[in-house]
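See below for the structure under consideration.
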Amino acid sequence: MKSVLDFCVPCLFGLEGLCADELKRLGYDSVKTENGRVMFAGTAGDIARANINLRTGERLLIVVGKTNARTFDELFEGVRKMAWEDYVPMGGAFPVKGHSLDSKLYSIPDCQRIIKKAVAMRLKSAFGIAGDILNESGAAYQIKFAIMDDIATLYLDTSGTGLHKRGYRPAHGAAPLRETLAAAMVKLSRYRGKEEIYDPFCGSGTIPIEAALCALNRAPGLDRCFDAMQWKWADKKIWDLAKIEARDLEYRGAYSIWGGDIDPKCIEISQENAKRAGVAEHIRFETADAGAFWHKAEDKNAGVIIITNPPYGERVMEKSRAQELYRVLGERLGNQPEAGTGVPGKMKMYILSSHTEFERAFGKKATKKRKLYNGMIKCDLFMYF
């Protein structure tokens with residue numbers, strides 16, 4: 001086992017810089033961004049730290065090696081030369097999955113079969129095992145591969161279930177927002193726990209909950225499990241130490257976070273999700289029509305930030321209905337009072353939408369826009385300062 005491990009954190013397109021910033025704040029120096037992922041170096045202990053603390057990354061992968069993959073023979077030999085015995089112990093299960101893009105080897109099942117065979121041959125040789133079948137009754141060491149431009153990169157997945165699965169949202173609304181994207185929207189707003197946060201389309205409560213977790217500086221992975229927790233060489237101590245460190249860095253305070261939705265069922269779901277996340281005391285959820293939204297800020301010293309993910313007109317409602325909703329919302333938000341004054345004033349707004357006519361319907365050009373992806377849907381985060 002190498003003392004220094006190379007890690008890869010896949011993330012949604014557009015979030016690479018935010019994810020890299022998180023890793024730098026965790027103390028990592030060798031952080032490099034690439035399209036859809038962030039690379040850094042660390043130790044076995046960082047498997048626990050990164051999994052527990054990352055808000056905007058999708059999972060944590062160990063880079064095992066790279067090889068040319070212009071033919072199946074080349075792929076087989078390249079994978080067989082990698083030191084899999086350093087990662088997968090005797091009896092460990094090693095399922096294989098991955099993808100191929102712009103490469104001669106495009107059949108995923110065939111690539112899986114070749115990689116599985118190569119790893120098995122390497123392990124049998126390293127452990128001195130005779131016979132054709134390896135015992136795989138132990139913990140899972142998920143192998144992932146990515147073949148791009150005839151170069152195959154082999155990884156070991158430490159996370160298991162994606163990092164966006166915080167564990168607080170078993171139930172969700174009709175068009176759920178991924179937790180990692182909600183956290184990114186909160187981070188882009190530069191919310192530090194002092195402003196008043198409003199989400200008039202809260203759905204299952206993801207944005208208010210992620211805002212509360214950010215305000216508390218609470219690590220999003222504290223209450224969930226990761227595949228590497230079962231690995232023989234990822235000692236239990238690294239997880240205990242990472243959790244103690246994360247809890248010591250939490251803040252204590254009172255925060256003003258509000259979530260509204262026209263559907264009472266969504267509000268019930270949001271409240272249950274907030275309880276599971278341990279942040280229910282910091283969020284007020286109400287059944288409310290976004291078309292009649294009026295923020296209730298009372299502290300004139302507190303700023304007002306609206307962060308929301310309204311319907312796009314793709315799955316939840318038709319585009320024409322979405323446009324009308326944007327028009328009404330634009331009129332309401334353009335006449336909101338500044339905090340504590342009771343008169344129309346300034347606020348910061350962050351609105352995510354894939355609708356190509358959003359700004360025209362909303363009635364105002366955004367101060368700034370940022371391209372993001374909500375799942376496979378290409379969106380813009382419209383920012384108004």
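These numbers come from a predicted model, not from an experiment.
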How would you list, by chain and number, every residue that makes a side-chain hydrogen bond (donor to acceptor under 3.5 Å, both in side chains) with K365, sequence neighbours excluded?
none

With a 4.0 Å cut-off, would you call [X] and [Y] a salt bridge?
| X | Y | answer |
| --- | --- | --- |
| R113 | D110 | yes |
| E272 | K275 | yes |
| E359 | K369 | yes |
| D380 | K371 | yes |
| R70 | D150 | no |

Fit a plane to each ring of [X] and [Y], take the angle between them on a 0 to 90° scale, and name the class: parallel (under 30°), tilted (30 to 60°) or perpendicular (over 60°).
| X | Y | answer |
| --- | --- | --- |
| F358 | Y326 | perpendicular |
| Y350 | F385 | tilted |
| W231 | W233 | tilted |

Carefully, step by step, assess K81 and E77 under the rule salt bridge (charged side-chain N to carboxylate O under 4.0 Å, His left out).
CA-CA 6 Å; K81 290 176 182 177; E77 289 301 324; 5.4 Å; no

Side-chain contact test, heavy atoms from C-beta onward, threshold under 4.5 Å: evaluate it for T67 versus M82 and give yes or no.
yes

Side-chain heavy atoms of R169 within contact of N273, under 4.5 Å:
yes

Qualifying residues under side chain to side chain contact (heavy atoms under 4.5 Å, CB included), relative to L241, sequence neighbours excluded
none

Hey, mind stepping through L222 and K243 against side chain to side chain contact (heavy atoms under 4.5 Å, CB included) and telling me if it holds?
CA-CA 6 Å; L222 271 175; K243 288 183 178 182; 3.9 Å; yes

For residues 12-20, please give each side-chain donor-acceptor pair under 3.5 Å, one per line with the distance, not counting sequence neighbours.
unit_1, atom_1, unit_2, atom_2, d
E16, OE1, G14, N, 3.0
E16, OE2, G36, N, 2.7

In a check of side-chain contact (heavy atoms from CB on, under 4.5 Å) between L181 and each of V186, L372, L381, N309, which one passes?
L372

Side-chain H-bond candidate by donor/acceptor type, T158 with N51, under 3.5 Å
yes

Under a 3.5 Å threshold, yes or no: a donor from one side chain and an acceptor from the other, between Y141 and E136?
no

